[in-house]
There are 2 protein chains.
Amino acid sequence: MEIINKRCSNKGDDDHLVVDIYPLSNYYFTSKPASSHVAAFKDDQTLADHALRLKSNYDARGMRTCVEAVLLVELFKHPHLLLLQVNNNIYKLPGGRLRPGESDVDGLKRKLLSKLSADDDNHRTKWEVGECIGTWWKSDFETLPYPYLPSSGKAPKECTKLYLVKLPSSRDFVVPKNYKLLAVPMCQLHESRKTYGSIIAGIPQLLSRFSINIVHT
Amino acid sequence: MEIINKRCSNKGDDDHLVVDIYPLSNYYFTSKPASSHVAAFKDDQTLADHALRLKSNYDARGMRTCVEAVLLVELFKHPHLLLLQVNNNIYKLPGGRLRPGESDVDGLKRKLLSKLSADDDNHRTKWEVGECIGTWWKSDFETLPYPYLPSSGKAPKECTKLYLVKLPSSRDFVVPKNYKLLAVPMCQLHESRKTYGSIIAGIPQLLSRFSINIVHT
């Protein structure tokens with residue numbers, strides 16, 4: 001094992017948390033049948049329909065909470081984020097909405113199994129959900145997310161929580177056919193809010209307090 | 001003591017770190033003679049001169065490390081960040097450059113005493129420096145800062161580390177006459193990268209993983 005890059009070499013009292021990442025080539029990628037969730041999303045004919053559905057869900061169940069995974073790999077000696085691409089121009093973190101009463105960690109593990117593991121996996125793949133690195137709120141059904149509670153004092157309608165998920169040195173990924181799994185470099189994310197949206201574009205910042213160790217096994 | 005607002009009320013396994021903040025009206029503000037550091041800054045006639053000075057400092061001492069404080073207060077039931085305003089249009093976090101061999105925490109305490117305490121304070125004011133919440137790097141003397149190491153593999157020239165500094169329920173601030181101390185709401189910071197720069201505009205995101213408790217004493 002060789003550590004070829006260590007972020008932030010500083011003096012003394014600096015106990016940066018260390019995140020080990022492994023080369024993309026350590027991982028194996030295959031596909032499985034399309035996920036029904038995306039099919040449902042396509043059927044949402046208009047944004048107005050979508051907002052209406054969110055509103056009726058809010059009335060029935062309260063604030064919608066989404067949990068999403070930040071998964072990192074190394075490519076060209078630089079950390080890359082794993083993203084799912086849908087319909088060519090939509091980028092999503094692996095994750096999704098919690099069921100009523102479900103914990104963040106259980107919900108995220110369920111979503112990672114459905115989006116990144118074989119359907120007959122039966123929870124054999126372990127997902128190590130680490131700490132929450134950021135939270136975004138929507139104060140309305142059609143607004144952009146903000147990284148703070150609505151200052152109006154209005155109840156938030158949606159909350160998206162990002163969790164750092166540590167990958168083992170090797171793993172199989174099994175991705176639904178209607179998604180593409182991409183590895184995107186930090187520098188490209190940081191500068192492309194229009195392409196990826198505020199939440200994904202902000203991830204390099206949220207990770208900047210960690211020391212990222214690139215490990216070659 | 002009454003807690004009137006608690007960020008992110010979620011189920012079970014969510015152990016968000018809690019940050020207590022107090023009303024702006026709990027703090028007292030007075031001024032002291034102008035800081036010599038700002039005078040020196042004004043004498044830097046051009047940006048080119050400034051870059052030249054940074055380069056010669058880098059050649060002599062290596063990467064420049066700055067430590068900066070994120071100090072929060074409550075106003076109108078919303079968290080506000082304390083910022084120093086210089087020359088009407090420059091906004092800075094309280095903090096500054098480390099001396100050679102100085103630790104982050106010692107350096108930040110020294111800077112907080114010089115920028116926010118009385119000159120005869122003799123370290124009586126205690127500054128509680130908490131965790132590092134983010135780090136930004138410059139790969140060159142005149143470039144913008146980025147929240148990741150240069151992907152070119154080039155050695156970074158400057159590193160800015162943001163520390164959360166917890167304020168007690170009450171305190172005197174003594175600010176040099178050439179600075180104005182402002183309390184700026186999260187929502188204004190997040191949307192004004194052009195006014196405040198990327199580092200300050202990104203602070204709401206870096207704080208989004210904390211639960212902010214507004215405490216009225």
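Computed over heavy atoms, backbone and side chain alike; hydrogens, waters and symmetry mates excluded. Proteins get letters first, then strands, A, B, ... in listed order; numbering begins at 1 in each.
- Per-residue heavy-atom pair counts under 4.5 Å with chain B were compared for A/Pro156, A/Ser198, A/Pro185, A/Gly202, and the maximum is reached by A/Gly202.
- In terms of heavy atoms, A/Thr135 sits closest to B/Arg209 at OG1-CA, 4.2 Å.
- Here B/Leu149 contributes atom CG and A/Ser211 contributes atom OG; the two are 9.0 Å apart, rounded to the nearest 0.5 Å.
- For the side-chain contact (heavy atoms from CB on, under 4.5 Å) test with B/Tyr146, the passing option among A/Met186, A/Gln205, A/Glu191 is A/Glu191; the others fail.
- B/His78 is listed as a side-chain neighbour of A/Tyr148, based on a closest heavy-atom distance under 4.5 Å.
- The parts of B/Leu206 that come within reach of chain A are both its backbone and its side chain, each placing non-hydrogen atoms under 4.5 angstrom from that chain.
- Of all the heavy atoms in B/Gly134 and A/Ser208, the pair that sits closest is CA-OG, 3.3 Å.
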